[in-house]
Amino acid sequence: MFEEYTKVAIETAKKAGKILQEGFGSSFKISSKEGKNNLVTEYDNRSEEFIIENLRKHFPEFSFLAEESGKTENGNKCEFVWVIDPLDGTVNYAHNLPIFSVSIALTKQKEILCGVIYNPMLDELFVAEKGKGSYLNSAKLSVSLCDDLDSSFLVTGFPYNIDTNPGHCVDQFVQMLKRGIPVRRLGSAALDLAYVAAGRFDGFWEINLNPWDVAAGVLLVQEAGGLVTQYNKEPYWISDNNILATNGLIHDQLSETLIACYLEINNGN
Ligand code: IPD
Ligand code: CA
Ligand code: CA
């Protein structure tokens with residue numbers, strides 16, 4: 001039922017997930033990039049090398065945007081770009097916390113054609129293809145039906161440079177908690193989005209993410225019937241600075257709360 005590129009992305013994500021699973025808990029090399037807590041393990045690199053090699057074997061002309069190796073254009077500039085996070089949740093992985101994923105999406109200009117997120121520890125494979133819906137291990141996904149922000153279950157994340165550039169994310173987080181809303185921080189934006197698609201969470205927001213963190217997850221949420229915009233409800237693209245992804249029903253309420261918090265702080269109240 002899926003296009004060839006989705007099938008290849010699935011096979012690749014599953015094999016990369018196996019590489020991560022085999023390395024999980026072993027004594028691997030860990031180093032820091034741009035700031036002491038932004039880690040990279042030898043398994044980020046191993047996974048990425050495998051993913052690029054395998055995708056290139058099937059689609060030699062496609063370009064890449066991958067977290068560890070950046071942009072690769074394969075000679076002729078190709079409008080098909082694989083957007084890859086070889087290990088989303090590196091800090092968890094480095095501390096032997098089994099919450100992480102592999103995320104692979106295929107984009108064509110400003111369209112996401114397919115998105116695959118794989119959590120090898122739970123053997124959960126999330127797949128979306130444009131126009132064909134979202135799936136978890138072959139079962140069709142739908143976002144949740146919660147329409148009241150105060151009864152919702154949310155997830156967010158914080159950027160690595162939060163100490164020098166906190167934006168308003170801490171205040172927004174505190175605001176939700178003070179309202180009594182349960183908010184989680186899992187440490188894998190790809191899984192956060194996949195879980196919104198699966199109806200496990202009702203909404204997700206975060207600033208300063210990169211295209212590889214979100215590309216697959218955005219399509220998963222959209223194809224599961226959810227809504228993805230910027231905080232202010234402007235259309236969202238994967239290079240934008242902030243993302244708001246919900247079941248659609250709490251979107252206005254969550255957007256208003258995030259923006260109100262921002263305005264309150266900027267106006268010094
Ligand atoms: C990180 C995770 C985390 C998010 C960070 C990302 P990485 O990706 O997605 O949830 O809060 O902003 O950078 O570094 O584990 O691939
Ligand atoms: Ca990431
Ligand atoms: Ca990563």
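In listed order, ligands and their atoms are each counted from 1. Hydrogens, waters and symmetry mates are skipped; everything else that's a heavy atom, side chains included, is used. Because the structure is predicted, anything quoted here is derived from the model rather than measured.
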Taking the Ca ion (ligand 2) as the apex, OD2 on D85 and OD1 on D213 give an angle, to 10°, of 100°
Counting each atom of ligand 1 from 1 as listed, which ones have a heavy atom of [X] under 4.0 Å away?
X    : answer
F158 : 11 (O), 12 (O)
L87  : 16 (O)
T90  : 15 (O)
A189 : 2 (C), 9 (O), 10 (O)
R185 : 3 (C), 10 (O), 11 (O)

Could you say whether the N/O atoms of [X] and ligand 1 ever approach to under 3.5 Å?
X    : result
G157 : no
S188 : yes
G89  : yes
V91  : no

min-distance N/O/S atom, E67 vs the Ca ion (ligand 3), resolves to OE1
Measure from the ring center of [X] to the ring center of [Y] and say whether it is less than 6.0 Å.
X    : Y    : result
F24  : Y43  : no
Y231 : Y262 : no
F2   : Y135 : yes

Side-chain donor-acceptor contact under 3.5 Å, [X] with [Y]:
X    : Y    : value
T156 : E206 : no
Q175 : K178 : no
Y118 : D123 : yes
S144 : N247 : yes

Among F100, W212, F204, Y160, the residue with a heavy atom nearest to atom 13 (O) of ligand 1 is Y160
Out of L193, D88, D213, the nearest non-hydrogen contact to atom 9 (O) of ligand 1 is supplied by D88
Below 4.0 angstrom, N of the basic side chain to O of the carboxylate: do D192 and R185 qualify? no
Output for pair (F50 CZ, N45 CG), nearest 0.5 Å, gives 15.5 Å
When rounded to the nearest 0.5 Å, the distance separating CZ of R184 from CD1 of I99 is 11.0 Å
Atom 12 (O) of ligand 1 sits nearest the protein heavy atom E206 OE2, 3.1 Å
Taking non-hydrogen atoms only, is [X] closer than 4.0 angstrom to ligand 1 via side chain, backbone, both or neither?
X    : answer
L209 : side chain
D85  : side chain
A190 : neither

Assigning hydrophobic clusters by single linkage (Ile, Leu, Val, Met, Phe, Trp, Tyr; side-chain heavy-atom cutoff under 4.5 Å), is L177 placed with L149? yes
Is the Ca ion (ligand 3) under 3.0 Å from any N, O or S atom of L87? yes
- Message: So for atom CD, which belongs to E111, do other residues, nucleotides or ligands contribute more than 12 heavy atoms lying within a distance under 6.0 Å?
- Response: yes
The atom name of the N, O or S atom in D88 nearest to the Ca ion (ligand 2) is OD1
